Structures are given as structure tokens and as C-alpha cells.
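Take a look at this one; I'll ask things after.
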Amino acid sequence: MNDDELSPATIAITAGRGASGRALAPALWASSTWESESLDDANRRATSIRHTDFYSRYCNPTVRSFEEAVRDLEGAEESLAFASGMGAIAATVLALCSTGSHVVAQRQLYAGTLAFLQGPCARLGIETTFVDVATPGAFAAAVQPGRTMVILAETPSNPRLELADLDELGAIKGPFTVVDSTFATPLGQRPLDHGIDVSLHSATKGLAGHNDATLGVISGDADLLADIWSYAVLHGATPSPFDALNALRGIRTLAVRTRQQNESARSIAVMLADDPAVQAVHYPGLSEHPQHDLAARQLLQYGTVLSFDVGSRDAAAAFLDRVQLCRVATSLGGPETLVCHPATSTHASLTPDEQASTGVTAGLLRLSVGLEETTDLLADIEHALRA
Ligand code: PLP
């Protein structure tokens with residue numbers, strides 16, 4: 001059977017076995033360097049793109065297996081891994097932009113990405129225009145022909161689960177379109193099928209899925225990724241083979257994990273939407289979500305993360321005090337249900353104005369739904385809401 005005849009759940013099992021020989025579990029290639037047989041051989045390895053047996057910053061067999069698994073899940077020609085999601089974002093933007101370049105990005109971004117665009121990029125003379133992700137045509141309208149090198153979207157967005165229209169972005173000609181698809185995982189959304197140039201993940205999250213790996217990964221055309229690799233090898237946000245091994249193991253169960261987490265997330269969203277202590281629930285799977293039609297068109301799964309507003313910082317603090325099963329921590333996509341207060345944690349670096357314009361309100365809580373039994377989670381949340 002060809003890969004394009006297999007379902008994604010099966011690809012998660014079959015993909016990325018290149019460096020393991022006949023072993024069923026991935027092999028850990030810890031080596032940072034490889035011996036050469038001759039000067040010609042050394043020269044061939046040093047000047048090849050991503051030679052697996054040269055030096056680990058250039059490429060590593062265990063990391064390569066992880067990249068191949070993501071490549072097959074994304075339906076891409078190539079994938080390239082990094083030491084973190086931020087490593088992937090920083091290296092991709094800096095590989096594609098120079099001083100004087102222009103970026104169009106949405107306002108509703110993970111705070112680290114926002115800080116990167118506003119800080120280091122601005123300092124290097126890379127200017128960003130921020131647009132509202134949910135406004136039709138906003139990205140295209142902000143493009144400056146000949147100057148805009150990158151359009152950067154994050155969908156669903158952190159923490160309010162707002163969506164960028166992938167078909168609309170994919171139709172924009174000129175700049176490279178880069179989509180941070182972390183919240184969806186490759187099983188929940190396939191940006192490349194919509195004409196996007198680069199699909200990007202913080203694999204630290206649902207892709208690796210066990211809170212035991214810090215990784216980023218991008219996927220797209222082989223030529224484009226070879227260009228990005230040429231910069232990435234100097235940027236140096238090189239993934240650890242150990243983290244790639246953990247992520248590869250995590251990928252094997254991606255389908256069953258996300259299926260269960262999606263079901264629980266939906267049940268929790270429905271319960272919260274009915275609760276008088278909750279002022280708003282943000283989950284694209286709810287028919288009340290303002291972009292539910294778009295979600296139904298482009299998401300294959302509505303997702304494992306939701307956010308909700310309990311009205312005030314005090315009410316949020318009381319909720320966090322009372323949860324017993326849900327753990328108070330940032331990050332998402334792992335087996336444990338995590339809840340965080342974005343205004344004081346993930347998005348604490350935003351100014352009050354930025355928090356207001358991106359909907360990071362004082363009462364907003366973000367929930368990453370784990371693998372505990374749904375009924376236990378519902379009971380824990382219900383109990384905490386009665387604070
Ligand atoms: N993109 C999104 C949507 C995120 O939520 C995060 C982190 O939370 C990142 C990127 C950065 O990933 P990492 O922490 O692996 O650098």
C-alpha cells in the first residue's frame with residue numbers, strides 16, 4: 001500500500017523507522033560525530049545537505065527518523081527538527097528574512113513568538129505588521145509586495161483558539177506562508193494541503209505528547225527546507241537525539257491519544273458552556289464558537305485545548321486552588337490535564353493593551369485536556385467551579 005492510501009493513525013505507526021534497522025523501537029544515536037574514510041569522503045559528508053553520518057548539528061539518524069515520521073504525517077516532501085518550537089520559529093523567520101524585510105503576523109500569537117517578532121526581529125530591522133487573525137482578508141491586505149517575506153499565522157491560536165482561514169492564506173502569492181499548527185497536531189490539521197508553504201509545530205506539545213521532550217519541527221517542500229537548513233545549521237537550535245527518540249515513541253500513540261483528548265475536551269466545553277459561573281468558553285468544536293463553520297471546514301479534530309473565562313483574577317485563582325486532578329502548569333498536549341492562567345503565565349510578557357486586544361482577560365483559564373477518564377475530569381472541574 002502507498003502512504004497516501006493509509007490513514008494518519010496507521011502512518012503514525014509505520015513512519016520514521018529508517019534509522020532503526022529491524023528493531024521495533026527507535027535506536028538512540030547519541031554520537032555527535034562520525035568517522036570518515038578519506039578526505040574525499042569527509043568532503044562529501046561536509047558538503048552534503050543533511051548527511052546523517054557527519055556531525056549531529058548537521059543531521060542525526062535518530063532526529064532524522066523523527067523528521068521522517070512528521071514528514072509522512074504532514075504529507076510533506078521534507079521535515080526539519082529544532083531544539084524547541086521557538087527554535088523552529090526563530091530559525092525559519094531568520095532564514096527567510098533580512099534587514100529591511102517585512103513580516104505579516106497575527107496579533108493573537110503565543111507570547112514567545114510575539115516577543116521574538118517585537119524584540120530581536122525589530123532590532124535586526126525586520127518589521128512586522130500585526131493583523132487580526134479572524135478578520136477575512138486581513139493578512140493579504142497587509143502584504144507589501146516585494147518586501148513582505150513571511151506571513152506567520154498560528155491556528156488554532158494560543159490561548160483563545162481563534163482560527164486563521166488556511167485556504168485564504170494558501171492563496172496569497174509572494175511571501176512564504178508559515179503556519180504554527182501546534183494546537184492541532186498533524187492529525188488535526190494539514191496546512192500544506194491548503195497551499196501553505198511551511199507547517200510548524202512545537203513538538204514539545206501534543207506531537208511528542210508526554211511532557212518529556214522539547215522540540216520543534218517544520219515541514220514543506222524539499223528545496224525550501226534545504227534553504228532553511230543551510231541557515232538552521234548555523235543558528236544551532238539543534239534537537240537532542242534523546243528528545244527525538246521520546247517524540248518518536250510519542251507519535252506511535254498520537255491517534256489514540258488525540259481521539260480520547262478530543263472527546264474529553266468536547267464534553268468539558270459543553271459542560272462549561274452551560275455553567276453559570278463561566279462567562280465564555282472558547283472551543284472551535286462548539287456550535288456557538290464564532291468560527292465554528294471554518295473549524296468544521298479545516299480542522300480534522302476540534303482539538304485537545306480549550307479556554308474559558310471565569311470573570312475575574314480572583315475567580316481564576318480560586319479555581320486553580322480547588323482543582324485536584326487538573327494540574328496547574330503551562331504547556332499542553334500531554335497525558336496530564338493542565339490548567340494555566342495565561343495573563344500571569346504564558347502571556348505575562350504582554351502589555352495590558354496587548355492582553356486586552358488579544359482577549360487574554362483576567363478571568364481567562366486555558367485547559368489542556370489529558371488522558372484521565374472524562375467523568376473524573378468533569379467532576380474535578382465542576383467541583384472547582386463551585387469555589
Ligand atoms: N507555538 C505555540 C502555539 C506554543 O504554544 C508554544 C509554546 O507554548 C510555542 C510555539 C513554543 O514552543 P516551545 O516551548 O517548544 O519552544
Side-chain angles (χ1 to χ4, degrees), residues 63 66 70 79-94 103 105-121 133 150 152-164 166 178-186 188-189 191 196 198-219 232 235-240 242-244 246-247 250 261 282 284 299 303-307 328-334 336 338-350 358-360 364-369:
V63 173
F66 164 69
V70 176
S79 292
L80 177 63
F82 297 84
S84 65
M86 281 314 302
I89 291 165
T92 301
V93 171
L94 294 178
V103 173
Q106 69 197 54
R107 205 165 278 122
Q108 299 82 357
L109 283 174
Y110 167 60
T113 311
L114 189 64
F116 171 69
L117 293 170
Q118 291 176 325
C121 285
V133 64
V150 169
L152 179 59
E154 177 185 298
T155 181
S157 69
N158 182 356
R160 282 275 301 255
L161 290 301
E162 286 166 276
L163 307 181
L166 291 177
V178 179
V179 166
D180 183 336
S181 191
T182 299
F183 270 43
T185 85
Q189 178 169 274
I196 300 300
V198 176
S199 172
L200 182 152
H201 293 267
S202 162
T204 316
K205 312 293 191 293
L207 244 179
H210 292 75
N211 296 320
D212 60 2
T214 305
L215 280 173
V217 63
I218 61 170
S219 306
H235 188 90
T238 310
S240 138
F242 181 71
D243 286 22
N246 281 349
Q261 287 165 315
H282 310 288
L299 288 173
T304 65
V305 183
L306 56 99
S307 56
V328 182
T330 58
S331 207
L332 51 113
E336 303 86 6
L338 303 183
V339 59
C340 75
H341 182 240
T344 52
S345 58
T346 53
H347 289 68
S349 59
L350 268 57
T358 53
V360 180
L364 189 75
L365 292 165
R366 189 189 77 192
L367 191 76
S368 164
V369 179

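Counting from 1, the numbers follow the sequence of the chain as shown. Just so you know, these numbers come straight off a predicted model, no measurement behind them. When a ligand or atom number is given, it counts from 1 through the structure's own listing order.
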inquiry  = Show the nearest heavy-atom pair for residues Gln261 and Gly333, with the distance to one decimal.
reply    =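 In this case the closest contact between Gln261 and Gly333 is NE2-O, 3.8 Å.
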request  = List in chain and number order the residues that pass side chain to side chain contact (heavy atoms under 4.5 Å, CB included) with Ser84, two or more places apart in sequence or in another chain; answer none if no residue qualifies.
outcome  =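 Result, side chain to side chain contact (heavy atoms under 4.5 Å, CB included) vs Ser84: Met86, Thr214.
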Measure from every N or O atom of ligand 1 to the protein's N or O atoms and keep only the pairs below 3.5 Å, writing each with atom names and distance to 0.1 Å.
| unit_1 | atom_1 | unit_2 | atom_2 | d |
| --- | --- | --- | --- | --- |
| ligand 1 | 1 (N) | Asp180 | OD2 | 2.6 |
| ligand 1 | 5 (O) | Asn158 | ND2 | 2.9 |
| ligand 1 | 8 (O) | Lys205 | NZ | 3.1 |
| ligand 1 | 12 (O) | Ser202 | OG | 3.0 |
| ligand 1 | 15 (O) | Gly85 | N | 2.8 |
| ligand 1 | 15 (O) | Ser202 | OG | 2.8 |
| ligand 1 | 15 (O) | Thr204 | OG1 | 2.6 |
| ligand 1 | 16 (O) | Gly85 | N | 3.0 |
| ligand 1 | 16 (O) | Met86 | N | 2.8 |

task = Using modelled atom types only, decide if a donor and an acceptor are shared between the side chain of Gln106 and the backbone of Glu154 within a distance under 3.5 Å.
result =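 Looks like yes, one N/O pair under 3.5 Å.
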key: Among Leu200, Val179, Asp180, side chain to side chain contact (heavy atoms under 4.5 Å, CB included) partner for Pro191   =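 Among Leu200, Val179, Asp180, the one meeting side chain to side chain contact (heavy atoms under 4.5 Å, CB included) with Pro191 is Val179.
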inquiry  = Test of understanding: with side chain to side chain contact (heavy atoms under 4.5 Å, CB included), list the residues that count as partners of Ala184, not counting sequence neighbours.
reply    =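 Side chain to side chain contact (heavy atoms under 4.5 Å, CB included) list for Ala184, sorted by chain: Pro156, Ser181, Gln189, Leu299.
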ask   = What residues, two or more places apart in sequence or in another chain, satisfy side chain to side chain contact (heavy atoms under 4.5 Å, CB included) together with Ala203?
value = Phe66, Leu207, Leu215, Val217
